[in-house]
Amino acid sequence: METFQSQLRRKLSAALEAADLPTAGEVSVAADPRFGDYQTNAALVIAKQHGENPRAVADRITKELDVSDISEPPITAGVGFINFTLKRAAVEKKIAELLIDERLGVEKISQPKRIVIDFGSPNVAKPMHVGHIRSTVLGDALARIAEFLGHEVIRDNHIGDWGTQFGMVIWGWKNLLDREALTREPIAELVRIYKETNERANKDQNVRDAARAELVKLQAGDPENFSIWQQTVDLSKQEFERAYALLDIHYDIQRGESFYNDRLPEVVDRLLKGGLAEISEGAVCVFFREIPDLKDKPAIIRKRDGGFNYTTSDIATVDYRIKDLGADTIWIVTGAPQQLHFKEIFEIARREGYRADFRHITNGNILGEDRKLMKTRSGENVPLLDVLDEAIERAHKAIEEKNPDLSHSEKNTIAKIIGIGALKYADLSQYRMTDYVFSFNRMLSLQGNTAPYLQNAYVRIRSIMRRMGQEFSPPATVRLTEPAEIQLAKKVCQFAEIVPQVLNDFRPNILANYLFELANSFHSFYEACPVLKAEEPSRSSRLALSNLTGRVLERGLKLLGIDVPEKM
Ligand code: ARG
């Protein structure tokens, strides 16, 4: 089903061609609804290129524009914008079509891609902290949206389960481990032994050498060290799984760094043979002499001591994803500090001849009330599981107050939906690069641009549907008369325009903000227009519009990884 926006785009191109003008400009949703529903700046762009009067160009375009099936006659406004106001009948027809469309008007992509999405990717033997919310929730939302649009998505958890830190972890395990503590709080104990070993190693050359020796043994496949390493990985994964279960995050594969270990020597040989790498001061390096910001930052792919590193491992990862998984698109979601690293990885892949579409999707930080990186009072990272538990607990309290008669199990289910939804939405409603201040009070509020506000709009709609007294079935035709209901209907029609836009620059916040506006439009409609008490044919049409709004809210939130409750 074609959206209004794409219909107008198509008609605009035809008009430009007929008027002998170059294809230019965009059709976008009008910034100010008083001037219409959509607008194009095509005349402005063309006039600027050719040094002509924009209003005159606009008139030439409108003369050729044939939009009468969906729009009132287009109007040239201000400095030369062309404005379109949708015809009521066109909106009514579209709503009737959307009512019987499973996909709410969202078309599948014509050329689906096979996309590996690498997101979350925490490190073993370290606790997941609050900052992990960002990459995890962002990657998951992008995966859901890409999949809904028809792409083939492979969610890959590239956990950090290999590297020099394991020398310390193994030495600590052999010399400092408290078994009881390990059973009680495995990750805390792993962190403790790692930290303590590290401190000792800093002071004592013997410990340093011993930890190094443990690492060499692990790399050589020593069974004891391998088993210790395996245990730390398993314990960490169990902890990750607890967070993923609460967050409703699912991976298709988990190929951690260790998975690539055997392939690293081959990567270095290949790059050396191909002339892409060279030996410099005993290390094997790739230089980027012609790239200004990488000029003095060669990538080391084999250290002087013969060891491989994060870069080597990511080059092997590119190979695997393209050759073994058959990906033509790779999205990697991490914090901004890894920007240079991936710029180098993608550049090396390009030099190797890979043609895949590589994207590094970065995110900003979560801040505390003091606007610095969020930390506990003692200055530690805030453990993710604590944050998840607290969000659910607070939501539970709010439900207890608002709706004490709900059953025990209903309260638990709803608390999880609201608490986790609030956390995810607080993150996804921000531009991914914006640092934001974490606040339970704000994210759980029923007022403002929050998940509970949107969930509450949904719950209100569900309650109307229950009070209707019969099963909802969509009417064949829809009649809209009041400005508030027409406005809501137009907003509903925009869903199919918004969803694909998210992937242009990986901005789920566009969808979040759309849903917020939709909920606002619904509240205005609900205040202005009686639904159950209205006369026919308004009653059926308003019920249908309410139902459709509920479906869009539900689907939209689901694409962000957020559930909706029936009651709250
Ligand atoms: N484990 C890394 C970290 O915590 C993120 C991994 C991202 N993916 C990758 N292919 N390097 O920073």
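Numbering of ligands and ligand atoms starts at 1, following listing order.
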(message) As an exercise, identify every atom of ligand 1 less than 4.0 angstrom from a heavy atom of Asp118.
(response) 7 (C), 8 (N), 9 (C), 10 (N)
(request) Run the salt-bridge test on Glu189 and Arg179 with the 4.0 Å N-O cut-off and return the result as yes or no. (result) no
(message) Distance under 4.0 Å to a non-hydrogen atom of His158: what atoms of ligand 1 satisfy this?
(response) 8 (N), 9 (C), 10 (N), 11 (N)
(request) Please identify which atoms of ligand 1 are closer than 4.0 Å to at least one heavy atom of Thr334. (result) 7 (C)
(message) In this structure, does ligand 1 have an atom that sits under 4.0 Å from one of the heavy atoms of Gln338?
(response) yes
(message) Check this for me: does any side-chain nitrogen of one of Glu147 and Arg155 sit under 4.0 Å from a carboxylate oxygen of the other?
(response) yes
(message) Below 3.5 Å, N or O to N or O, backbone or side chain included: is there any such pair between Ser121 and ligand 1?
(response) yes
(message) Check Glu278 with Arg289, please: is the shortest side-chain N to carboxylate O separation under 4.0 Å?
(response) yes
(message) Heavy atoms only: which of Phe119, Tyr260, Tyr310 lies closest to atom 11 (N) of ligand 1?
(response) Tyr310
(message) Between the side chains of Arg302 and Glu281, is the shortest nitrogen-to-carboxylate-oxygen separation below 4.0 Å, so that they form an ion pair?
(response) no
(request) Give yes or no for whether the N/O distance cutoff of 3.5 Å, strictly under, is met between Asp314 and ligand 1. (result) yes
(message) Below the 3.5 angstrom mark, is there an N/O of Asn123, backbone or side chain, next to an N/O of ligand 1?
(response) yes
(request) Using a strict 4.0 Å threshold on nitrogen-to-oxygen distance, state whether Arg192 and Glu196 make a salt bridge. (result) yes
(message) Between the side chains of Glu152 and Lys113, is the shortest nitrogen-to-carboxylate-oxygen separation below 4.0 Å, so that they form an ion pair?
(response) no
